[in-house]
Student: 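Following this message is one structure expressed as structure tokens.
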Number of protein chains: 2
Amino acid sequence: MEDIFGKIGTTVTLSQKIERKIEEAIRSKKLPLGAKLPSEKELCESFAVSRTALREALRRLSARGLIEIKKGSGMYVSEIKIEDAISSLNLYYDLKFDSNLISHIIEVRYLFEPEMARMAAKNRAEEDLLLLSENIKFFKQCDADNTQLEVDTDNKFHLTIAKATHNPVIILSMEPIYSLLPRMRDQFYGNLSGEKAHTIEAHEKIYNAIKDQDSDRAYFEMKKHVDRTWEVYKKHFEK
Amino acid sequence: MEDIFGKIGTTVTLSQKIERKIEEAIRSKKLPLGAKLPSEKELCESFAVSRTALREALRRLSARGLIEIKKGSGMYVSEIKIEDAISSLNLYYDLKFDSNLISHIIEVRYLFEPEMARMAAKNRAEEDLLLLSENIKFFKQCDADNTQLEVDTDNKFHLTIAKATHNPVIILSMEPIYSLLPRMRDQFYGNLSGEKAHTIEAHEKIYNAIKDQDSDRAYFEMKKHVDRTWEVYKKHFEK
DNA sequence: ATTAGGTTATACGTATTACAAATTTAATCT
DNA sequence: AGATTAAATTTGTAATACGTATAACCTAAT
């Protein structure tokens, strides 16, 4: 097929082209982490573009976390922070947030948390145990009227277990999900108050299994726990 | 705590302030999805800033996928695409990619895929079955020399199962992981050739279980499959 | 009445120039 | 040598101008 009349007006703007070029240099490690980019003036000359177009490209790159711009100093290749990596995902969930998404999130927890507890039992460090036990203690003496704090503490318990897997991929994958749970508080966690005693007991059993590095028991106890949470959720949702 | 000597030179640039203001308007739905933003000229007047600062803010927002800018037409609140949401995560993984990350990814698959197969068996549609069966057929008649294609096809099989759960949260969480697997091809999947017969058999068993909506069998067959993959990986890695 | 064609107003893309503000570097002084 | 000051460098903001894409409107020919 001859490409005589191929597209001309692809409307890929100049600043986007510049953005891609610099991004490619970073991805290919030609610009290693922490490296200082040439100044705006030099880059303008290299690319033969105006400062306007160049700067708009740089703004995009900094918005995505690839570079850090320091006034008066220069521009540096930045290590993408975890917050940057998941902020887009968080924003996505934030805008898509509705009851449908809630049930999907509950479902994911129901599905994955037992396996995560299993891995946490294998890989947990002393530090994780400390965090978990402190969390339980705090949860116990938590003001019963402060539902919000209770739910957040509960949520943190589960997130701590995710982190105790010491698998960064799991942590990154699950973090956006847990950061969404506080938003679900008002939606249905209101009737959690009657569950407090059970929650404490369940958390303690899970904690002990993880402490003993008993993977199967950690799995089993967590499964029991999320199964019950699931029931509570369903019951509440039927109203 | 008195904030007498709080930071002054936080160097929050003007364009960042503008960015936040517009972002907040979008998050709070004051600017609903698809809404047309005021023109640059009007926004400049509203915020009382120069076009330069405003445009740099807009570039950031568009880089993050919150708005879409159409030359000659205007700027519109954009539905954040899934690709936008996970592109940051992909970039993060891309830059962090090393043998350590590989083993963590394998571990995550090992951990979650059986449960995902279980859910897929429950929720799969006819369309999913078609995709899976076509994938298996394609894999069978795949040129044995073309390792790359084989691995990608294998990868796609598992991604299709993730999608067959019909849980968008799972899909979003797992997509970045699967998009990383092709990069692992050259690292260790080279010795997969001897596994082709087994892989086909395993995939068929998994497919049949999902087709029959036999959740437990889907879980079991998938677990057997990933366990073996794990063994192959470990064996290869010991070399 | 419909449609092809052109006109015009609007809106975003790029370029240029100028100056402000923060930082770094170099020079100067003690 | 160390501290202080001055100069140079670098990014941030502003203002103006022109290019180019889009959409709405108008006109004339079919």
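All chains are named by letter (A, B, ...) in the order of the sequence lines, taking the proteins before the strands, and each is independently numbered beginning at 1.
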Student: On DNA chain D, nearest-nucleotide positions of B/G72 versus A/I69: which is more 5'?
Tutor: A/I69
Student: How close or far is atom C1' of C/dA22 from atom OH of A/Y76, stated in whole angstroms?
Tutor: 12 Å
Student: C/dT14, OP1 or OP2 - any side-chain N/O from A/S50 closer than 4.0 Å?
Tutor: no
Student: Whole angstrom is fine here: how far is it from CG in A/L43 over to P in C/dT14?
Tutor: 16 Å
Student: Mind calculating the distance between CD (B/E56) and P (D/dT11) to the nearest angstrom?
Tutor: 12 Å
Student: Can you check the B/E40 CD to C/dA9 P distance for me, whole Å?
Tutor: 20 Å
Student: Under 4.0 Å from OP1 or OP2 of C/dT14: is there any side-chain N or O of A/S15 that close?
Tutor: yes
Student: Do you know which of A/E40, A/E45, A/E56, A/E42 makes salt bridge (Lys or Arg N to Asp or Glu O under 4.0 Å) with A/R51?
Tutor: A/E40
Student: Considering only side-chain heavy atoms of B/A53, which listed nucleotide, D/dG12, D/dA14, C/dA15, is closest?
Tutor: D/dA14
Student: Take the protein atom CG of A/L58 and the nucleotide atom P of C/dT14, then report the distance between them rounded to whole Å.
Tutor: 13 Å
Student: In terms of side-chain geometry, is the basic nitrogen of B/R118 or B/E115 positioned less than 4.0 Å from the acidic oxygen of its partner?
Tutor: yes
Student: Base, sugar-phosphate or nothing for A/T13? Non-hydrogen atoms, less than 4.0 Å.
Tutor: sugar-phosphate
Student: Check this one for me: any side-chain N or O of B/R55 less than 4.0 Å away from OP1 or OP2 of C/dG13?
Tutor: yes
Student: Counting any heavy atom closer than 4.0 Å, what does A/K41 reach on the DNA or RNA strands: base, sugar-phosphate only, or nothing?
Tutor: nothing
Student: When the distance from CG of B/L14 to P of C/dA20 is rounded to whole Å, what number comes out?
Tutor: 17 Å
Student: Could you check how far CG of A/L54 sits from P of C/dT16, rounded to whole Å?
Tutor: 13 Å
Student: Identify which one of B/L180, B/L101, B/L111, B/I102 satisfies the side-chain contact (heavy atoms from CB on, under 4.5 Å) criterion when paired with A/V169.
Tutor: B/L101
Student: Tell whether B/S39 reaches the base of C/dA11 with its side chain through a donor-acceptor pair below 3.5 angstrom.
Tutor: no
Student: I want to confirm an ordering. Mapping A/V49 and A/K71 to their closest nucleotides on DNA chain C, which one lands closer to the 5' end?
Tutor: A/V49
Student: Do you know which of B/R20, B/K21, B/R27 makes side chain to side chain donor-acceptor pair (under 3.5 Å) with B/E23?
Tutor: B/R27
Student: The side chain of A/S73 lies closest to which of these nucleotides: C/dT24, D/dG12, C/dG13?
Tutor: C/dT24
Student: Look at the rings of A/H203 and A/H158 and say which category their plane angle falls in: under 30° parallel, 30 to 60° tilted, over 60° perpendicular.
Tutor: perpendicular
Student: Could you check how far CD of B/E42 sits from P of C/dT10, rounded to whole Å?
Tutor: 11 Å
Student: Between C/dT14, C/dA15, D/dG12, which one does the side chain of B/R51 approach most closely?
Tutor: C/dT14
Student: May I ask you to verify whether the side chain of A/R59 and the base of D/dG12 hold a donor-acceptor pair under 3.5 Å?
Tutor: no
